[in-house]
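Beneath this line is the structure, given in structure tokens, with notes to follow.
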Protein chains: 2
Amino acid sequence: MLKLSRLTDYAVVALVRLSAADCVETSPGIAAAIGVPEPTVAKVLKALAGHGLVISSRGARGGYRLGRPLNEIAVSEVIMAIDGPIALTSCVDGASGCESQSLCPVAGRWDPVNDAIRSALSRISLADMEAASIPTAFRLPVVAPMNEVV
Amino acid sequence: MLKLSRLTDYAVVALVRLSAADCVETSPGIAAAIGVPEPTVAKVLKALAGHGLVISSRGARGGYRLGRPLNEIAVSEVIMAIDGPIALTSCVDGASGCESQSLCPVAGRWDPVNDAIRSALSRISLADMEAASIPTAFRLPVVAPMNEVV
DNA sequence: CCAATCAGGACCGCTTAGGTCCACTATCGG
DNA sequence: CCGATAGTGGACCTAAGCGGTCCTGATTGG
């Protein structure tokens, strides 16, 4: 249904939480704070750390802290850290895996769609999500090149 | 991974195909043309017909034809017809289903993200996808409000 | 009346995400 | 120097959703 994984949602919550308490916090601590099972949170934080979105400190008194301010973290980055690359169809990543390549008249044509989504997502930061007031400035100009639906 | 279903891909292919031969075509015919098993194509076409993207004629000599020209069909419409509403998180549709509602600092904050995606997708028509030449005009201005990644 | 064709279900197997657990390593504090 | 604490990396299992198939109507043209 074109929906992203729940893990990504957790990631956003964790990051926002980490921003609120701007100091080192342990994964059990974060888990308790956001009401998500600890092992799951740990997995999410690992992924985020791997992409530099959070900085990890090992050993006793270790934990995680934010890699950079919320307003410098794009939603797209979080999604890619957790869910992997943003590509709507398997045609894109798998490339020549599509057996009906010859018949398929739109082979590779999803690219513009992917780009549009990537672009849209990279223009929204976690700070925007935190601040309920929607970045109306970010809402696309709405040129409506066709009879808008949605 | 933020990817849409293969069925949606089939739908696009079928619609483009249906546009090429602009006359009534049967589902077995389309299936053969695009190299996809017939029952699956039938299912897709049913969904499309339900949303008015294709017009169906029953009985002998019946079949499907395009509901309106390709350039008036937004990708978002096809996705919604096949995959259901575009909502990134279950928080959005399920609404109050989120148990950690009180703890969740970003409850409902995915809305702007959803809107951005919906908007981006509704601005790309099937005609755009057909015409390989990407509607660069549609590519968002790329203002890069933050350190772009993606 | 018969054949062709869509409509709308029920059904099923497979993939994969979500979640859990374990052994390992690194660091701090005493 | 030793042990407690915390992240790292991996294997693993379960359950839900998707992709795919099939069957029984309803409808229309010849």
Side-chain angles (χ1 to χ4, degrees), chain A residues 1-11 13-14 18 23-32 34-65 67 79 81-84 88-91 93-94 97-100, chain B residues 1-11 13-14 18 23-32 34-65 67 79 81-84 88-90 93-94 99:
Chain A
M1 313 160 181
L2 190 59
K3 71 175 170 45
L4 45 77
S5 68
R6 201 175 321 168
L7 277 297
T8 307
D9 194 15
Y10 295 163
V13 178
L18 220 37
C23 61
V24 174
E25 237 179 340
T26 71
S27 71
I30 299 175
I34 66 180
V36 172
E38 191 276 329
T40 302
V41 169
K43 176 183 273 189
V44 169
L45 287 173
K46 279 182 230 174
L48 293 178
H51 286 250
L53 297 182
V54 298
I55 311 279
S56 62
S57 323
R58 300 175 65 153
R61 299 292 312 153
Y64 295 96
R65 65 192 170 79
I79 296 179
I82 305 294
D83 278 354
L88 292 191
T89 56
S90 34
C91 277
D93 52 348
C98 186
E99 65 293 339
S100 44
Chain B
M1 313 165 179
L2 190 58
K3 70 177 171 46
L4 43 77
S5 67
R6 202 178 317 170
L7 278 297
T8 307
D9 193 17
Y10 295 163
V13 178
L18 218 38
C23 61
V24 174
E25 235 178 341
T26 72
S27 70
I30 299 175
I34 66 180
V36 172
E38 192 277 327
T40 302
V41 169
K43 175 182 274 188
V44 169
L45 288 173
K46 277 180 229 174
L48 292 178
H51 287 250
L53 297 182
V54 299
I55 311 279
S56 63
S57 322
R58 300 173 63 151
R61 300 293 312 153
Y64 295 96
R65 65 192 169 79
I79 295 179
I82 306 294
D83 278 353
L88 292 192
T89 57
S90 33
D93 51 347
E99 66 292 339

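With values rounded to the nearest 0.5 angstrom, B:S27 atom OG is found 8.5 Å from B:K46 atom NZ. For the atom pair B:D9 CG and B:I79 CD1, the distance stands at 10.5 Å (nearest 0.5 Å). To the nearest 0.5 angstrom, B:Y64 atom OH is 10.0 Å from B:L18 atom CG.
The distance from atom CZ of A:R58 to atom P of D:dG7 is 10 Å, rounded to the nearest whole Å. Whole-Å rounding puts the B:K3 NZ to C:dT15 P distance at 13 Å. Rounded to whole Å, atom P of C:dC6 lies 13 Å from atom CG of B:L48. Taking atom CG of B:L45 as the reference point, atom P of C:dG8 lies 13 Å away to the nearest angstrom. Here C:dG8 presents its P atom at 11 Å from NE2 of B:H51, a figure rounded to the nearest Å. Put simply, NZ on B:K43 is 7 Å from C1' on D:dG19, counting in whole angstrom units. When rounded to the nearest whole Å, the span between CZ of A:R6 and C1' of C:dT16 equals 14 Å. Spacing between atom CZ of B:R61 and atom C1' of C:dC2 amounts to 16 Å, rounded to whole angstrom units.
Comparing B:P37 and A:S57, the nucleotide of DNA chain D nearest to each residue sits closer to the 5' end for A:S57. Nearer the 5' end of DNA chain C, as judged by each residue's closest nucleotide, is the contact made by A:K46, out of A:A60 and A:K46. Residues B:E38 and A:G59 each lie close to DNA chain C; by heavy-atom proximity, the contact nearer the 5' end of the strand is made by B:E38.
A:G63 comes within 4.0 angstrom of the backbone, heavy atoms only, and of no base.
Contact of the B:I82 side chain with the B:L48 side chain is registered, since non-hydrogen atoms from C-beta on lie closer than 4.5 Å.
One finds no side-chain N or O of B:S56 lying less than 4.0 angstrom from the OP1 or OP2 phosphate oxygen of C:dT5. Neither OP1 nor OP2 of C:dC6 sits under 4.0 Å from any side-chain N or O of B:T26. The phosphate of D:dA6 has neither OP1 nor OP2 within less than 4.0 Å of any side-chain N or O from A:S27. For C:dG19, the OP1/OP2 oxygens have a side-chain nitrogen or oxygen of A:Y10 closer than 4.0 Å.
With distances taken from any side-chain atom of A:Y64 to the nucleotides D:dT21, D:dT8, C:dG19, the minimum falls on D:dT8.
A donor-acceptor contact shorter than 3.5 Å is absent between the side chain of B:D83 and the backbone of B:T8.
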